[in-house]
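This report concerns only the one structure given below.
Below, chains carry the letters A, B, ... as their sequence lines are ordered, and counting in each starts from 1.
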Amino acid sequence: MKGLSSLKWTTVDELELDEKVKGILKERGVIRLNPVQTEAIKKGLLKGKRLLVASPTASGKTLVAELGMISHVTNGGKAVYVVPLRALAQEKYDTLKSWEKLGVKVGITSGDYDSDDEWLRYYDIVVSTYEKLDSLWRRRATWLSQVNYYVLDEVHYINDGERGPVIEGITIRSKRAGNLLALSATVSNYVEIADWLGAEPVVIDWRPVKLREGVLFPEGRRFRVQFDDGSIETVKGVDPIVAFTLRSIEAGGQVLIFRNSRRNAEATARRVAEFLDETENDLTSALNEEDVVNEEREGLEPLLRRGVAYHHAGLSKRTRDLIESAFRTRRLKVIAATPTLAAGVNLPARTVIIGDYHRYNRKVLGFQEEIPVMEYKQMSGRAGRPGFDDSGEAVIVVRNAREAERVMKKYVLSQPEELKSRLGSELAFFSFVLGVLASDGPLTEMELRKFASESLMTREVLERYLDRAINWLTEREFVKLGRKLSLTSFGRRVADLYVNPFTADLIKEKLTKSELGCNLAYLQLLASTPDAPVVSVGRYEEDRLYDELDCELMVEEPEDETERYEFLSSLKVGLIVRDWINEEPEEKILETYNVGSGDLNAVVETMDWLTYSGHHVCNVLGLSEHAKRLSLLNARVKDGVSEELLDLVKIRGVGRKRARLLYDSGVRSVLDVLANPEKVKSILGARLGESVIEQAARALTGLHK
DNA sequence: GATGCGCATGTGTAGACAGCATGTC
DNA sequence: CTACACATGCGCATC
């Protein structure tokens with residue numbers, strides 16, 4: 001880590017930049033560059049030097065990327081900015097828009113957007129998620145060959161077991177395709193990583209707001225906070241989190257509390273709220289107007305009135321957005337959240353409390369492990385609002401003084417873990433090989449080995465998996481052997497659909513040998529693949545799940561305990577989606593299966609993709625009867641309707657509820673809508689009816705939705 | 001016989017990427 | 001690599 005000597009600032013005026021660029025910076029209020037930005041420029045950012053910028057959260061890395069891209073693009077180049085989350089893509093896209101005054105065209109693509117990918121060729125800068133870019137590469141989008149500058153944001157995601165392998169693959173291709181700028185949280189092996197990237201490391205431990213970190217632990221009948229600067233505080237109360245939260249609010253700050261489960265987050269929010277008075281705000285009425293599901297409103301209403309909320313992925317997107325924006329505008333004083341808020345969009349608070357440093361491990365039953373230091377830094381880094389707070393404070397709650405010392409050493413005073421390859425698993429590596437062959441194939445085995453050797457994997461791990469991957473992919477007919485390795489039409493389709501080869505293989509295996517099954521059988525099969533959503537199954541509901549099972553499945557129940565748990569999850573996902581396409585009301589599904597609105601959304605979204613993929617996998621395999629069933633299922637999953645409503649939901653603005661209303665009143669098709677305008681208006685109301693009729697006319701001509 | 005307590009036992013557990021449809025973010 | 005917090009139920013002492 002660089003010492004204080006390198007903490008220099010430069011003014012924008014000093015920079016060798018186009019005057020128009022400087023003008024835009026000044027318009028934004030940027031008159032000087034912070035130490036991270038200054039160092040990046042010193043190391044050659046504007047001269048096309050490859051860099052790895054590793055610095056804390058909120059240290060101004062985005063501006064580094066902007067300057068790098070602008071200087072590249074104004075010289076006639078084309079750049080892609082890659083991020084790990086859709087929400088982040090949106091955030092970066094909004095920021096980059098300000099460069100359009102220079103004539104720089106900025107576009108965005110991710111699963112959120114409808115995309116004719118070829119359209120992206122008209123932009124100078126394209127913001128994308130890693131998976132979307134991977135998909136574009138596999139499909140060989142022609143415009144990608146013009147891209148010669150890649151910004152890899154949050155590359156430390158490489159350490160994520162599930163998504164890291166994709167980022168590793170993107171990094172290799174970026175290295176091969178041109179210049180790159182990698183942005184990362186601070187990592188301990190930055191020299192090794194920079195070396196891997198062929199980049200110069202820019203490593204500065206600088207934050208815009210000072211950060212005090214501490215441990216919070218019981219001492220006698222009080223709680224003691226020991227900060228890393230040596231200062232000590234005591235707070236009184238029964239619960240350490242509540243006590244410290246109240247102390248921070250009294251000092252006029254906002255508090256962000258991280259808990260390791262939804263239940264804990266909700267319970268903490270309620271506990272804090274008990275000590276706060278009701279205040280005037282418009283949040284509860286906003287909840288009502290926004291048509292939020294009952295359960296969410298009832299849970300949050302009494303808390304919001306006291307300036308408190310909980311936040312996790314079980315909540316609907318709407319509710320989460322409402323809470324985030326209320327916190328930003330200071331209408332909320334406290335949010336108790338799961339890690340959603342640590343990784344996602346920027347939402348700082350003066351005080352951050354990390355309530356747990358253990359987390360349940362889904363893969364090993366009954367095992368809880370300590371969270372990585374990197375994640376601690378991610379959370380504590382949210383403390384301190386630039387421009388508002390003089391300094392931020394982050395405390396981590398521990399059991400006793402002895403633990404406090406250990407935790408202080410491990411989390412506060414130490415470096416985050418090393419960045420390591422996660423390609424060393426069949427699930428990740430086989431998919432990686434399929435992707436490489438899709439984007440760069442056909443390849444000889446030597447060429448493939450060369451490609452893989454450019455990853456972060458060690459030689460031994462690579463050798464262990466390469467032959468296995470080639471054998472498996474060949475045996476299962478994804479790849480054909482010849483002078484070179486190339487994809488079969490099946491392999492090509494699977495790569496395009498972006499499903500894991502194990503997903504495709506399971507679909508292939510089961511449907512090749514099965515007769516037509518019931519809808520539940522198809523859904524449960526898809527829910528058994530590695531790409532499927534996972535839901536938790538309570539002991540009490542096992543029996544009920546079996547009761548609902550009224551037809552034969554294609555995937556048999558396993559003996560093994562862990563696998564049985566996965567089986568129950570797949571059965572539950574299948575049943576949820578079956579209810580969904582049978583038009584059970586959302587509220588009822590949430591109640592029956594004890595899931596949140598956000599969970600239902602995620603399940604439907606993923607199963608939409610999987611039914612679509614299953615349909616196309618069957619098509620390419622010549623399983624046309626299964627394909628038909630899956631295609632119909634896909635259409636129904638998309639909108640959550642039975643078959644008879646499929647025509648009506650083609651109309652924009654008509655979803656499952658309105659379609660049912662119209663149908664039951666005898667308006668049963670797009671044509672019926674157009675033929676009975678008065679009836680439609682009487683069912684849906686004059687204004688809505690009018691627009692539905694208009695949209696129906698467009699639907700008829702084959703346009704949109 | 002109702003109430004309250006300590007203890008043993010039971011229970012559940014974070015998040016979020018990908019295809020495609022329209023007109024072109 | 002095999003944890004936690006919290007909820008529930010029980011036996012027991014107490015009034």
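At the heavy-atom level, K105(A) lies nowhere under 4.0 Å from the strands shown. Heavy atoms of A602(A) sit nowhere under 4.0 angstrom from any nucleic acid atom. The residue L120(A) sits apart from the nucleic acid: no heavy atom pair falls under 4.0 Å. Y123(A) comes within 4.0 angstrom of the backbone, heavy atoms only, and of no base. If you check every strand for non-hydrogen atoms under 4.0 Å, G107(A) touches nothing. Nucleic acid contact class of R271(A) (heavy atoms, under 4.0 Å, all strands): sugar-phosphate only. When heavy atoms are screened at a 4.0 angstrom cut-off, T606(A) is found touching base atoms of the nucleic acid. Residue-level contact check: D608(A) touches the bases, meaning some heavy atom is under 4.0 Å from a base atom. At a threshold of 4.0 angstrom between heavy atoms, the contacts of P84(A) are confined to the sugar-phosphate backbone, with no base atom among them. Within 4.0 Å (heavy atoms only), D160(A) reaches at least one base atom of the nucleic acid.
Checking the phosphate oxygens (OP1, OP2) of dC4(C), a side-chain nitrogen or oxygen of H358(A) falls inside 4.0 Å. Within the structure, a side-chain polar atom (N or O) of S536(A) is placed less than 4.0 Å from OP1 or OP2 of dT13(B). Contact annotation: R359(A) does not reach the phosphate of dA14(B) (side-chain N/O to OP1 or OP2, under 4.0 Å). Contact annotation: T338(A) reaches the phosphate of dG15(B) (side-chain N/O to OP1 or OP2, under 4.0 Å). Side-chain nitrogen and oxygen atoms of R86(A) include at least one within less than 4.0 Å of the OP1 or OP2 phosphate oxygen of dA18(B). Side-chain N/O atoms of R262(A) include one lying less than 4.0 angstrom from OP1 or OP2 on dG15(B).
Salt-bridge check for D647(A) with K650(A): passed, with a basic side-chain N closer than 4.0 Å to an acidic carboxylate O. Salt bridge status for D496(A) with R492(A): present, with a side-chain N to carboxylate O gap under 4.0 Å. Between R259(A) and E266(A), no side-chain nitrogen of the basic residue sits less than 4.0 Å from a carboxylate oxygen of the acidic one, so the salt-bridge criterion is not met. Electrostatic pairing of K410(A) and E417(A) does not count as a salt bridge here, judged by no charged N lying under 4.0 Å from a carboxylate O. In summary, E370(A) and R406(A) engage in a salt bridge, as defined by a charged side-chain N under 4.0 Å from a carboxylate O. Ion pair R320(A)/E296(A) not flagged as a salt bridge, since none of the NZ, NE, NH1 or NH2 atoms sits closer than 4.0 Å to an Asp/Glu carboxylate oxygen. A salt bridge does not link D117(A) with R140(A): every distance from a Lys NZ or Arg NE/NH1/NH2 to an Asp or Glu carboxylate oxygen is 4.0 Å or more. Between D239(A) and R271(A), at least one side-chain N (NZ, or NE/NH1/NH2) sits under 4.0 Å from a carboxylate O, which counts as a salt bridge.
D239(A) has its CG atom 12 Å from the C1' atom of dA5(C), to the nearest Å. Protein atom CG of N361(A) is 14 Å distant from nucleotide atom P of dC4(C), rounded to whole Å. Put simply, CD on E403(A) is 13 Å from C1' on dC4(C), counting in whole angstrom units. What separates CZ of R263(A) from C1' of dA7(C) is a distance of 7 Å, to the nearest Å. To the nearest angstrom, P of dT8(C) lies 13 Å from OH of Y540(A). If you measure from atom NE2 of H616(A) to atom P of dG19(B), you get 12 Å, rounded to the nearest angstrom. Following rounding to the nearest Å, E266(A) (CD) and dA7(C) (C1') show an atom-to-atom distance of 16 Å. Q695(A) has its CD atom 14 Å from the C1' atom of dA21(B), to the nearest Å.
A distance-only check finds no donor-acceptor pair linking the side chain of S624(A) to the backbone of A627(A) [under 3.5 Å].
Nucleotide dC20(B): unpaired (no Watson-Crick or G-U wobble partner with both distances less than 3.5 Å). Applying the Watson-Crick and G-U wobble criteria (two distances, each under 3.5 Å), dC15(C) pairs with dG1(B). Within the shown strands, dA5(C) is the pairing partner of dT11(B) under the Watson-Crick or G-U definition, both distances less than 3.5 Å.
Comparing V106(A) and N634(A), the nucleotide of DNA chain B nearest to each residue sits closer to the 5' end for N634(A). Ranked by how close their nearest DNA chain B nucleotide is to the 5' end, G538(A) and D531(A) are led by G538(A). Comparing E369(A) and R399(A) against DNA chain C, the residue whose closest nucleotide sits nearer the 5' end is E369(A).
Taking atom C1' on both nucleotides, dT2(C) is separated from dG19(B) by 39 Å, rounded to a whole Å. Taking atom P in both dA7(C) and dA14(B), one finds a spacing of 16 Å when rounded to whole Å.
Closest approach to the R698(A) side chain among dG23(B), dA14(B), dA18(B) is made by dG23(B) (side chain taken as heavy atoms from C-beta onward). Comparing dT11(B), dC6(C), dA18(B) by their closest approach to the side chain of R539(A) singles out dT11(B). Of the candidates dG19(B), dA5(C), dG15(B), dG19(B) carries the atom nearest the Y498(A) side chain, counting heavy atoms from C-beta on. Of the candidates dT11(B), dG15(B), dG19(B), the closest approach to any side-chain atom of T340(A) belongs to dG15(B). For R163(A), the listed nucleotide lying nearest its side chain is dA16(B); candidates were dA16(B), dT13(B), dT24(B).
Two rings, from H626(A) and Y522(A), have their centers less than 6.0 Å apart.
Pairs of residues two or more places apart, or lying in two chains, that qualify as salt bridge (Lys or Arg N to Asp or Glu O under 4.0 Å) and include a residue from residues 424-436 of chain A are E426(A)-R468(A).
A donor and an acceptor atom never sit less than 3.5 Å apart when one is taken from the side chain of D496(A) and the other from the base of dG19(B). Residue-to-nucleotide contacts include no donor-acceptor pair under 3.5 Å from the side chain of N594(A) to the base of dG12(B).
Against DNA chain B, the stretch residues 125-140 of chain A makes heavy-atom approaches under 4.0 Å through T129(A), E131(A), K132(A), S135(A), R139(A).
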